[in-house]
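Below: one structure, written as C-alpha cells.
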Amino acid sequence: MQDIFLYNTLTRTKEKFLPLVPGKVGLYTCGPTVYNFAHIGNLRTFLFEDLLTRTLRFNGYDVQWVMNVTDVGHMTSDGDAGEDKMSVAAQRENLDPWSLARKYEDAFRFDMQRLGIHLPDVLPRATEHIEEMIRLNKTLEERGFTYETPEGLYFDTSKSSDYGKLARLRLDDQLQGARADVNVDSEKRNPQDFILWFGNKPTHIMKWDSPWGVGYPGWHIECSAMSMKYLGDTFDIHCGGNDHIPVHNTNEIAQSEAATGKTFARYWMHAAFLNLKNKENPNTKLKMSKSKGGFIQVQTLVDSGYDPIAYRYLCLQAHYRSELELAWEWLDADGKTGRADSLDTAAASLKRLYERIARAEKDNEESLSENSQFDAARIEVLNALNDDLNVPKAVGLLHTYASPRLWRAFDAVLGLDIENHAVLPAEEEAPAEIWKLVEARLEARKARDFARSDALRDEIAALGWEVADSPQGPTLKRKQ
RNA sequence: GGCGCCGUGCCCAAGUGGUAAGGGAGGGGCCUGCAAAGCCUUUAUGCAGCGGUUCGAUUCCGCUCGGCGCCUCCA
C-alpha cells in the first residue's frame with residue numbers, strides 16, 4: 001500500500017496517514033442543513049470529501065463514510081433565539097418541517113448525484129438520533145461539564161482543559177459578540193460556552209421531551225452523538241468546511257472528549273471556500289450563504305446551460321485548501337441563470353478531453369502501451385493524489401501523459417464519468433434528400449463553383465445538418 | 001483586538017532552496033476554395049513590493065501593500 005499524507009488541522013502539518021485499524025477508515029463529515037437547496041459552495045466541500053473517499057478506496061482502504069443530515073435546530077437568524085430555520089422555511093413553503101426536510105434531503109441527494117459525488121455510506125438524520133443526543137448530554141451532566149440556565153443546558157468550556165486546541169483559540173482575546181447579529185446570553189458563565197439543549201420551547205414545532213425541558217438539541221451535539229454511534233468514540237478522519245474550525249468542530253471535540261475521555265477524531269481536514277465574485281461590481285463580494293438567499297445551486301448551473309460535471313472539473317483544478325474564486329455574472333434580474341469565464345473554460349476543456357479520449361481509443365492510440373510505462377505513470381499520479389489530495393497536479397499529469405488508459409484508471413477517483421461521456425457523436429444516417437444535396441455540392445466543388453457549393457452548405461444547414469469535408473469525402477452530422 | 005489564509009503569465013491554477021506543471025485564451029504554422037476539427041509550435045530571466053539569510057530564493061525570515069475567512073448554529 002502506498003503512503004498517504006494528509007494535512008491535519010490539529011497539527012497544521014501534513015502527516016502520514018495511519019488508520020486506527022489497518023486497512024479501514026472511519027470518516028465523518030459535516031453534512032447539509034436541509035431547509036433549503038445546497039449551493040455550489042457547500043457542494044465544493046462535499047466534493048472534496050468525495051475525492052478523499054475515492055482516493056482512500058483507490059488505495060485499497062475499506063472506508064466507512066458517515067455524513068449527518070441536519071434537519072432540526074437552526075434558528076431563523078443568529079440573533080433570534082426563538083424559531084428555527086426549519087420552521088420558518090416550512091411556513092414559507094406551506095409544508096410541515098418534516099416534509100420540508102425530506103424535500104430538501106431528496107434535492108441534496110439529487111445534486112450530489114448530478115455532481116458525480118458518491119453518497120456517503122450512512123446519512124443519519126438528526127431528528128432520528130434525539131435519544132443518542134440526550135444520552136450524551138446526560139453523560140456530560142454526570143461528569144460535571146454542564147450547567148443550566150433558563151435557555152437550556154450549557155457546556156461549561158472552562159471545565160475542558162484544552163478547549164480551542166483545534167482552532168488554537170486564545171480565549172482572552174476573543175471578542176464576545178464580535179458579530180452584531182448574534183445575541184449574547186448573559187446567563188452564560190463563559191463567553192464560549194455553548195448550548196447542548198434548548199429547554200422551555202413548548203411552542204416549537206420540532207420539540208422533544210428531555211431532562212432539561214421540552215425543546216430541541218443544540219447544533220453541535222448531533223455530530224458528536226452520530227459520529228460516535230456509527231464510528232466509535234475515536235475514529236480516523238473528520239472533515240468539514242474551514243469555517244467550522246473555531247466553533248462547531250471545536251465544540252464537537254470539547255463535548256466528545258469530555259464525555260469519553262478519549263481522543264475524538266484523529267485527523268481533521270478542512271476545505272476552503274468557493275468565493276463568488278460579482279462581475280459587474282467587483283468590489284461587492286457576494287457571500288455564498290444559504291440564510292441570505294440568492295445563491296448558485298446545481299439547478300442554476302443546469303439552467304445556465306452548464307453540465308454540472310463541468311463544475312466538478314473546475315473544482316478538480318484547484319487544491320481543496322485553496323480558495324476558489326468564481327466570477328459569476330447573473331444574466332437575469334431574478335437570478336435564475338448566469339455565466340462564469342472559468343466555468344466556460346472548464347466546460348470547453350472537459351469536452352475536448354472527452355473527444356480526445358474517444359478518438360484516441362477509436363484509432364487505437366495509446367501513449368502508455370507498455371505496461372511498465374503505464375505502471376510508472378500510474379504510481380506518479382497516485383503519489384500526487386496521496387500527497388494531501390493534490391488533484392490539480394494529478395490532472396496536470398494526466399493531461400501530460402494523454403493516455404486514455406490512464407484517464408480511465410483514475411476516473412475512479414476523479415469521477416468525470418469518462419465511461420459515458422468519452423463517446424464520439426453517434427453516426428446518424430442522414431435522409432436521402434440531404435445526401436442528394438451533398439452530392440450536388442460535391443459536383444459544384446469539382447466544378448469549382450464555390451458560390452453554389454456554399455449555397456448548398458447553407459441549404460443543408462437550414463435542414464439541420466452540418467457537412468464537413470474530409471479526405472475520405474464529405475461527412476454529415478446533426479447540427480447541435 | 002485575536003486566530004488563520006492568500007497574492008505565480010491575458011484568465012484559472014500546480015509547484016520547488018538550484019532555476020517556473022497543467023487547462024483555457026491569444027500568436028504563428030501544417031491542412032484547407034470556404035468552414036470545422038485535428039496536429040505542430042509559441043507566450044513569465046519571472047512568481048505583489050522592499051529588505052535579510054544563503055554559493056544560490058519564487059520557495060526560508062522580517063517588514064510593507066493588497067485581498068479574504070473566522071471569533072457562538074455560514075461548507
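Computed over heavy atoms, backbone and side chain alike; hydrogens, waters and symmetry mates excluded. Chain A is the first sequence line, chain B the second, and so forth, proteins listed ahead of strands; every chain is numbered from 1. It should be emphasised that the depicted structure is a prediction, and the values quoted were computed from it without experimental measurement.
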Centroid distance under 5.5 Å and plane angle under 30°, F46(A) vs rA75(B):
no

Please verify the inter-ring angle class for W268(A) with H270(A); under 30° counts as parallel, over 60° as perpendicular, anything in between as tilted.
parallel

Name the stems with RNA chain B in them: runs of three or more consecutive Watson-Crick or G-U pairs, distances under 3.5 Å?
B:1-7 with B:65-71, B:10-12 with B:22-24, B:26-30 with B:38-42, B:48-52 with B:60-64

Please tell me which of the listed nucleotides, rG22(B), rC70(B), rG24(B), lies nearest to the side chain of D243(A)?
rC70(B)

So S342(A), base contact, sugar-phosphate only, or nothing? Heavy-atom distance under 4.0 Å.
nothing

Verdict with reasoning, D417(A) to R312(A), per salt bridge (charged side-chain N to carboxylate O under 4.0 Å, His left out):
CA-CA 11 Å; D417(A) 194 19; R312(A) 182 181 178 103; over 6 Å; no

How is A318(A) classified with respect to the nucleic acid when contacts are heavy atoms under 4.0 Å: base, sugar-phosphate, or nothing?
sugar-phosphate

Please state whether the rings of Y354(A) and H421(A) are parallel, tilted or perpendicular, taking 30° and 60° as the class boundaries.
parallel

Given atom CG of L385(A) and atom P of rG15(B), what is their separation to the nearest angstrom?
13 Å

Between F194(A) and Y154(A) (judged by ring centroids, cut-off 6.0 Å), do the two rings come close enough to count as a pair?
no

Rounding to an integer number of angstrom, what distance separates rA21(B) and rU58(B) when you compare their P atoms?
16 Å

Using a heavy-atom cut-off of under 4.0 Å over every strand shown, decide if H244(A) touches base, sugar-phosphate, or nothing.
sugar-phosphate

Could you give me the CA-CA distance, side-chain angles and deciding distance for W65(A) and T53(A), then say whether side chain to side chain donor-acceptor pair (under 3.5 Å) is met?
CA-CA 8 Å; W65(A) 179 13; T53(A) 309; 5.0 Å; no

Hey, what's the ring geometry for F145(A) with F155(A), parallel, tilted or perpendicular (30° and 60° as the breaks)?
parallel

May I have the distance from Y104(A) (atom OH) to rA75(B) (atom C1'), rounded to whole angstrom?
18 Å

Could you label the plane-to-plane angle of the Y320(A) and F48(A) rings as parallel, tilted or perpendicular, counting under 30° as parallel and over 60° as perpendicular?
parallel

So what does I245(A) hit on the nucleic acid, given a heavy-atom distance under 4.0 Å: a base, only sugar-phosphate, or nothing?
nothing

By the 4.0 Å heavy-atom rule, please label H319(A) as base, sugar-phosphate, or nothing.
sugar-phosphate

Selection from rG23(B), rG4(B), rC68(B) that lies nearest to any side-chain heavy atom of R12(A)
rG4(B)

Taking only N and O in the side chain of N390(A), is any of them less than 4.0 Å away from OP1 or OP2 of rG15(B)?
yes

NZ/NE/NH1/NH2 to OD/OE distance under 4.0 Å, K14(A) and D387(A)
yes

Once you apply a heavy-atom cut-off of 4.0 Å, does D193(A) come out as touching a base, just sugar-phosphate, or nothing?
base

Polar atom pairs between nucleotides 31-37 of chain B and protein, under 3.5 Å, N or O only, would you list them?
residue, atom, partner, partner atom, Å
rG33(B), N7, R445(A), NH2, 3.4
rG33(B), O6, R441(A), NH2, 3.1
rG33(B), O6, R445(A), NE, 3.4
rG33(B), O6, S453(A), OG, 3.1
rG33(B), N1, D454(A), OD1, 2.9
rG33(B), N2, D454(A), OD1, 3.0
rG33(B), N2, D454(A), OD2, 2.5
rC34(B), N3, R457(A), NH2, 3.1
rC34(B), N4, D469(A), OD2, 2.3
rA35(B), N1, D469(A), N, 3.3
rA35(B), N3, R457(A), NH2, 3.4

